[in-house]
Amino acid sequence: MMLTPPNSESELIERAQQLAGLTLAQLAARFNLPVPTDLRREKGWIGQLLEQALGTTAGTLPKPDFMELGIELKTIPIDRCGKPLESTFVSTIHLLGVSRLTWESSYVYQKLKRVLWVPILAEKHLSIADRQIGTPFLWSPDTEQMAALRQDWQELTDMIALGELEKITARHGRYLQIRPKGANAKALVTGINENGERIKTLPRGFYLRALFTKTLLQDYF
DNA sequence: GTCTGATCATGA
DNA sequence: TCATGATCAGAC
């Protein structure tokens with residue numbers, strides 16, 4: 001089953017709303033997809049299922065999932081109280097040439113300026129099949145959120161530009177944090193140290209803290 | 001290797 | 001209990 005991409009924001013949100021209440025087993029059945037018994041070896045399975053169900057267009061490009069609409073799709077696992085169970089991955093980080101980047105040209109800004117959040121009731125006691133799709137909502141950062149995200153991004157990007165990459169831990173950043181994002185500890189990329197020398201280091205990514213996404217969900221529900 | 005989709009597993 | 005650091009799968 002192939003889906004045509006949505007032509008407008010309203011068509012997209014309408015589609016997403018029609019999925020609310022379905023279990024993952026019900027949605028997977030529409031695509032004749034087997035449901036894994038756990039996500040240990042298929043961590044992205046839920047996100048990919050929703051991509052199929054909503055007709056994303058970006059594929060593997062580093063672009064918002066709905067390229068033409070400039071909208072990013074994010075599934076977010078929540079408990080029955082609507083509290084996020086995980087942080088949210090935003091983008092990988094280019095460790096070279098960051099000094100030329102601006103906030104507006106960054107992947108973080110491009111992806112977060114408009115997001116379709118699809119909550120998934122995903123408490124651990126529920127099998128993957130029984131996890132349930134919640135009410136989706138479109139979000140853009142408000143003034144305060146945007147300013148804070150921009151500041152986090154700038155501070156962290158500055159540290160990378162100064163060669164302080166190895167000093168960055170997940171404790172930096174108010175809403176955005178930087179954490180490893182790679183296949184494993186052996187997957188290394190090139191970065192720059194304080195002396196301007198090329199070093200091999202773990203790939204990193206920007207993530208939204210669960211404490212931040214929790215506030216988004218509270219604003220909408 | 002680089003990107004996407006994320007969750008796992010463990011120590012604090 | 002919770003966040004950090006580590007890890008898994010697939011496309012290209």
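A, B, ... follow the sequence lines: proteins, then strands. Residue 1 opens every chain. All values reported here derive from a predicted model rather than from experimental measurement.
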Charged N to carboxylate O below 4.0 Å: is that the case for [X] and [Y]?
X	Y	answer
A:Glu104	A:Lys113	no
A:Arg174	A:Glu144	yes
A:Glu123	A:Arg131	no

Heavy atoms only, 4.0 Å cut-off, all strands: where does [X] land among base, sugar-phosphate and nothing?
X	answer
A:Ala170	sugar-phosphate
A:Pro77	sugar-phosphate
A:Leu50	nothing
A:Gly47	sugar-phosphate
A:Thr75	sugar-phosphate
A:Lys83	sugar-phosphate

Please tell me if A:Arg41 has a side-chain N or O lying less than 4.0 Å from either OP1 or OP2 of B:dT7.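 Result: no.
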Interatomic distance where [atom1] belongs to [X] and [atom2] belongs to [N] [whole Å]:
X	N	atom1	atom2	value
A:Lys43	C:dG10	NZ	P	13 Å
A:Leu39	B:dA6	CG	C1'	9 Å
A:Glu166	C:dG5	CD	C1'	14 Å
A:Trp45	C:dC8	CH2	P	21 Å

Test ring-ring contact (aromatic ring centres under 6.0 Å, His included) applied to A:Phe212 and A:Tyr207, A:Phe206, A:Tyr175, the passing residue: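 Of the listed options, the one satisfying the test is A:Tyr175.
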From [options], pick the nucleotide closest to the side chain of [X]?
X	options	value
A:Leu211	B:dT7, C:dA3, B:dG5	C:dA3
A:Thr92	B:dC3, B:dT2, C:dA6	B:dC3
A:Asp65	C:dT4, C:dA6, B:dG5	B:dG5
A:Arg171	B:dG5, C:dC8, C:dG5	C:dG5
A:His94	C:dT7, B:dC3, C:dT4	B:dC3

Do A:Lys181 and B:dG5 have a side chain to base donor-acceptor pair shorter than 3.5 Å?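 Indeed there is one.
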Can you tell me whether the side chain of A:Tyr207 and the base of C:dA3 have a donor-acceptor pair closer than 3.5 Å?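 Per atom types, no contact qualifies.
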A:Val98 and its side-chain contact (heavy atoms from CB on, under 4.5 Å) partner, picked from A:Leu165, A:Ile160, A:Leu156: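 The residue from A:Leu165, A:Ile160, A:Leu156 that satisfies side-chain contact (heavy atoms from CB on, under 4.5 Å) with A:Val98 turns out to be A:Ile160.
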